[in-house]
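Here is the structure we will look at.
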Amino acid sequence: YFAEISEEETNAARRVAQAALQRVCAKGVAASARVQEGPAPRTIIEIARAEGVGLIVMGSRGRGRIAGALLGSTARAVARHSPIPVLVARERCHPPTRILVATDGSEDAQTAIRTFAAMPLPGELEVTLLNVLPERALGDLPNGALADDLRALVERRDREEALEILSRAHAMLPPGSTARMELERGRVADRILEAAEAMGTDLIVVGARGIRLRGDEFLQGSTADHLIEAAQCAVLVARAPEHAKTSRADREPVAAATR
């Protein structure tokens, strides 16, 4: 009985793979299809490494409530541990033209921008570069001129650092690209999602891990997870090579259900 179920699942997976292969080849792209058993996140990463691919493309949701939840968790696990950039796509009928690049100046964020810049992109792009300033706990300062001066100094330094980060990001965009620079302050994932919705963004570009710490977490680590789960558009996540070498995926198996 279980052998029959396994065979049915394998045959169904082959049909899905062949259908995807036909769609890709119809666009003039050389491709091959394969079906592999194993824990989905680890297997995807291992095959991508063995094939020497430059980008992993995944859907954000599967068919049905349970399948959708599992594919969503798989996409997050792959993006969290993969040394290869991951594009988590949602259903779109056209190439992305409205791009939101969220950067904190980290090496991962710069890798994400380079990956985006190397992609085959439409001729006309609307690119917005976003830096989210950290929340500052300065509310407990006593009232007075000294406290006001300190708040103004912190605000000025934050803005100067943010503008420098955005300028470096702008220089990494494809030649001839124009971009708008935006500064926000608050919770990183919330500000990114709000900006993406307001702009009608087709693609969010973000690094897998950031450089600032809040408590015990890297900001961008939890941010990328939240964006993949909650964003209404595609999300491109990338990790710098030096971070990839020490990824937990190299030291521990990734625990995730495949069905």
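Just so it is clear, the values below take in all heavy atoms, side chains as well, and ignore hydrogens, waters and symmetry mates.
In this structure, M119 is a member of the same hydrophobic cluster as V57, with clusters built from ILVMFWY side-chain heavy atoms closer than 4.5 Å. One hydrophobic cluster, built from ILVMFWY side chains closer than 4.5 Å, cannot hold both V101 and V235; they sit in different ones. In the hydrophobic clustering of ILVMFWY residues, with side-chain heavy atoms under 4.5 Å counting as a link, I113 and L55 come out together. The hydrophobic cluster containing L203 does not contain M199, counting ILVMFWY residues as joined when their side-chain heavy atoms lie under 4.5 angstrom apart, directly or transitively. Under a hydrophobic-cluster definition in which Ile, Leu, Val, Met, Phe, Trp and Tyr are linked whenever side-chain heavy atoms come within less than 4.5 Å, directly or via other members, V237 and I204 are assigned to the same cluster.
Inter-residue side-chain proximity for T223 and H226 is flagged as unmet; no heavy-atom pair is nearer than 4.5 Å. Residues P96 and T201 are not in side-chain contact: their nearest non-hydrogen atoms beyond the backbone lie 4.5 Å or more apart.
Listed by first then second residue, pairs satisfying salt bridge (Lys or Arg N to Asp or Glu O under 4.0 Å) with a partner in residues 115-124 number zero, not counting sequence neighbours. Sorted by first and then second residue, the side-chain hydrogen bond (donor to acceptor under 3.5 Å, both in side chains) pairs with a member in residues 25-35 read R34-Q36, R34-E51; sequence neighbours excluded.
In summary, the side chains of D104 and S106 do present a donor paired with an acceptor at a separation below 3.5 Å, with no hydrogens or angles considered.
A salt bridge links E194 with R191; the closest basic N to acidic carboxylate O contact falls under 4.0 Å.
Applying the side-chain hydrogen bond (donor to acceptor under 3.5 Å, both in side chains) criterion to E182, with sequence neighbours excluded, gives R180. Partners of A238 by side-chain contact (heavy atoms from CB on, under 4.5 Å), not counting sequence neighbours, listed by chain and number: P85, T111, A112, T115. By the side-chain contact (heavy atoms from CB on, under 4.5 Å) test, E46 pairs with R42, sequence neighbours left out. Listed by chain and number, the residues in a side-chain hydrogen bond (donor to acceptor under 3.5 Å, both in side chains) with T43 amount to none (sequence neighbours excluded). Applying the side-chain contact (heavy atoms from CB on, under 4.5 Å) test to R98 and every residue at least two apart in sequence or in another chain returns E126, D202. Judged as a side-chain contact (heavy atoms from CB on, under 4.5 Å), and not counting sequence neighbours, the contacts of A13 are V35.
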Practice task
Please test L166 against L183 for side chain to side chain contact (heavy atoms under 4.5 Å, CB included), starting from the C-alpha separation and ending with a verdict.
Solution key: CA-CA 9 Å; L166 293 175; L183 299 179; 3.5 Å; yes
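Rounded to the nearest 0.5 Å, atoms CZ (R14) and CG (L21) are 14.5 Å apart. E155 contributes atom CD, which lies 6.5 Å from atom CG of L133 (distance to the nearest 0.5 angstrom). To the nearest 0.5 Å, atoms CD (E197) and CD (Q232) are separated by 7.5 Å. Once rounded to the nearest 0.5 Å, the distance linking OG of S82 with CE of M58 reads 10.0 Å.
Under a 4.5 Å side-chain heavy-atom cut-off, the cluster of Ile, Leu, Val, Met, Phe, Trp and Tyr residues that includes V29 is completed by V24.
Among all heavy-atom pairs drawn from A196 and L100, the shortest one is N-CD2, 3.8 Å. Annotation for P83 and I45: closest pair CD-CG2, 3.9 Å, computed over non-hydrogen atoms. Taking every heavy atom of both residues into account, T10 and E37 meet most closely at OG1-OE2, 4.0 Å. Counting all heavy atoms, side chain and backbone alike, I228 lies closest to A79 at CD1-CB, 3.4 Å. What you find for A224 and G207 is that their closest heavy atoms are CB-O, 4.1 Å. Nearest approach of A102 to I192, heavy atoms of both residues: CB-CD1, 3.5 Å.
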Can you give me every donor-acceptor pair (side chain of residues 167-176, partner residue at least two apart or in another chain, under 3.5 Å) with its distance?
unit_1, atom_1, unit_2, atom_2, d
S167, OG, L163, O, 2.9
R168, NH1, E164, OE2, 3.2

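Judged purely by atom type and a 3.5 angstrom limit, Q110 uses its side chain to pair as donor or acceptor with the backbone of G105.
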